[in-house]
Amino acid sequence: QVQLVESGGGLVQAGGSLRFSCVASRSDFNAMAWYRQGPGKQRELVARISSGGRVNYADFVKGRFTISRDNAKTTVYLQMNSLKPEDTAVYYCNAEATMTGYWGQGTQVTISP
């Protein structure tokens, strides 16, 4: 059973920063990523890092968010700076394996104006 355990999140004012971490129970994923789902919106990709270290960001977070991982490839981080009220959402860790994917429990982020 694969487990993804997220930590971080919370309530901050606009312009502030938050940092997420997601610890996986194994390290052989093709990629790990962060998604988010805002109120009344569909879940969307925020950032992704492949097993080879290639990173991709959604246009709406470029220059503000940074995805990274530890050398053991079991933990992925999301550093979020210059937060905006529109970043308010539930953020989910995702791990891509061959033929399937896994999700963390989700962490609420609320950005006040």
Side-chain angles (χ1 to χ4, degrees):
Q1 180 75 12
V2 174
Q3 289 188 324
L4 301 176
V5 179
E6 302 171 15
S7 61
L11 170 65
V12 297
Q13 289 187 327
S17 298
L18 285 171
R19 180 177 171 88
F20 284 137
S21 63
C22 173
V23 181
S25 56
R26 65 186 224 208
S27 62
D28 60 341
F29 298 112
N30 297 328
M32 295 187 75
W34 290 95
Y35 286 72
R36 72 185 189 186
Q37 187 165 14
K41 297 182 180 180
Q42 291 188 330
R43 194 171 296 189
E44 58 187 357
L45 177 67
V46 176
R48 178 182 182 272
I49 184 166
S50 73
S51 59
R54 175 173 290 186
V55 298
N56 299 97
Y57 295 98
D59 287 343
F60 54 77
V61 302
K62 283 182 179 178
R64 299 190 298 127
F65 292 9
T66 303
I67 189 171
S68 61
R69 66 182 181 199
D70 68 340
N71 290 335
K73 300 183 182 179
T74 58
T75 304
V76 65
Y77 306 95
L78 185 68
Q79 177 67 42
M80 304 186 291
N81 299 326
S82 302
L83 285 161
K84 305 174 182 180
E86 51 263 44
D87 293 320
T88 294
V90 178
Y91 285 72
Y92 296 91
C93 178
N94 172 267
E96 299 174 18
T98 303
M99 302 297 291
T100 190
Y102 303 92
W103 293 95
Q105 76 275 16
T107 303
Q108 177 69 47
V109 169
T110 302
I111 312 302
S112 63

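- Applying the salt bridge (Lys or Arg N to Asp or Glu O under 4.0 Å) rule to pairs touching residues 100-113 yields nothing, sequence neighbours excluded.
- Residue pairs meeting the ring pair (Phe, Tyr, Trp, His ring centres under 6.0 Å) criterion with at least one member in residues 74-94, sequence neighbours excluded: Phe20-Tyr91.
- Listed by chain and residue number, Ser7 satisfy the side chain to side chain donor-acceptor pair (under 3.5 Å) test with Ser21 (two or more places apart in sequence, or in another chain).
- Residues satisfying the side chain to side chain donor-acceptor pair (under 3.5 Å) test with Arg19, not counting sequence neighbours, are none.
- Considering all non-hydrogen atoms of both residues, Ser17 and Ser82 come closest at OG-N, 4.4 Å.
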Does the side chain to side chain contact (heavy atoms under 4.5 Å, CB included) test come out yes or no for Leu83 and Phe65, once each step is laid out?
CA-CA 9 Å; Leu83 285 161; Phe65 292 9; 3.8 Å; yes
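- Looking only at side-chain heavy atoms (C-beta outward), Asp87 and Arg64 come within less than 4.5 Å of each other.
- Annotation: ring pair (Phe, Tyr, Trp, His ring centres under 6.0 Å) contacts involving residues 35-60, sequence neighbours excluded, comprise Tyr35-Trp103.
- Judged as a salt bridge (charged side-chain N to carboxylate O under 4.0 Å, His left out), and not counting sequence neighbours, the contacts of Arg48 are Glu96.
- Judged as a disulfide (SG to SG under 2.5 Å), not a single pair has a partner in residues 26-68 (not counting sequence neighbours).
- Under the rule for a salt bridge (charged side-chain N to carboxylate O under 4.0 Å, His left out), the partners of Asp28 that lie at least two apart in sequence or sit in another chain are Arg26.
- Nearest heavy-atom pair, Ser50 versus Ala31, reported as atom, atom and distance to 0.1 Å: CA-CB, 3.8 Å.
- When all heavy atoms of Ala89 and Arg36 are compared, the closest pair comes out as CB-CB, 3.9 Å.
- With sequence neighbours left out, Ser51 forms a side chain to side chain contact (heavy atoms under 4.5 Å, CB included) with no residue at all.
- Side chain of Thr88 to backbone of Ile111: a donor-acceptor contact under 3.5 angstrom is found.
- Glu86 CD: more than 12 foreign heavy atoms inside a 6.0 Å radius.
- Side-chain atoms of Glu6 come within 3.5 Å of backbone atoms of Gly106 as a donor-acceptor pair (strictly under, hydrogens ignored).
- Screening Val61, Leu45, Val76, Ile49 for a side-chain contact (heavy atoms from CB on, under 4.5 Å) involving Trp34 leaves a single residue, Val76.
- In this structure, Tyr102 and Leu4 approach most closely via the heavy-atom pair O-CD1, 3.4 Å.
- Under the side chain to side chain contact (heavy atoms under 4.5 Å, CB included) criterion, Gln3 pairs with Ser25, not counting sequence neighbours.
- Within the 4.5 Å cutoff, the side chain of Ile67 has no heavy atoms near those of the Met32 side chain.
- A search for side chain to side chain donor-acceptor pair (under 3.5 Å) contacts involving Asp59 returns Lys62, not counting sequence neighbours.
- Val90 is not connected to Leu78 by any chain of hydrophobic side-chain contacts under 4.5 Å among Ile, Leu, Val, Met, Phe, Trp and Tyr, and they are in different clusters.
- Grouped by direct or indirect side-chain proximity (heavy atoms under 4.5 Å, Ile/Leu/Val/Met/Phe/Trp/Tyr only), Leu11 sits alone.
- The side-chain heavy atoms of Val46 and Met80, taken from C-beta on, include no pair separated by under 4.5 Å.
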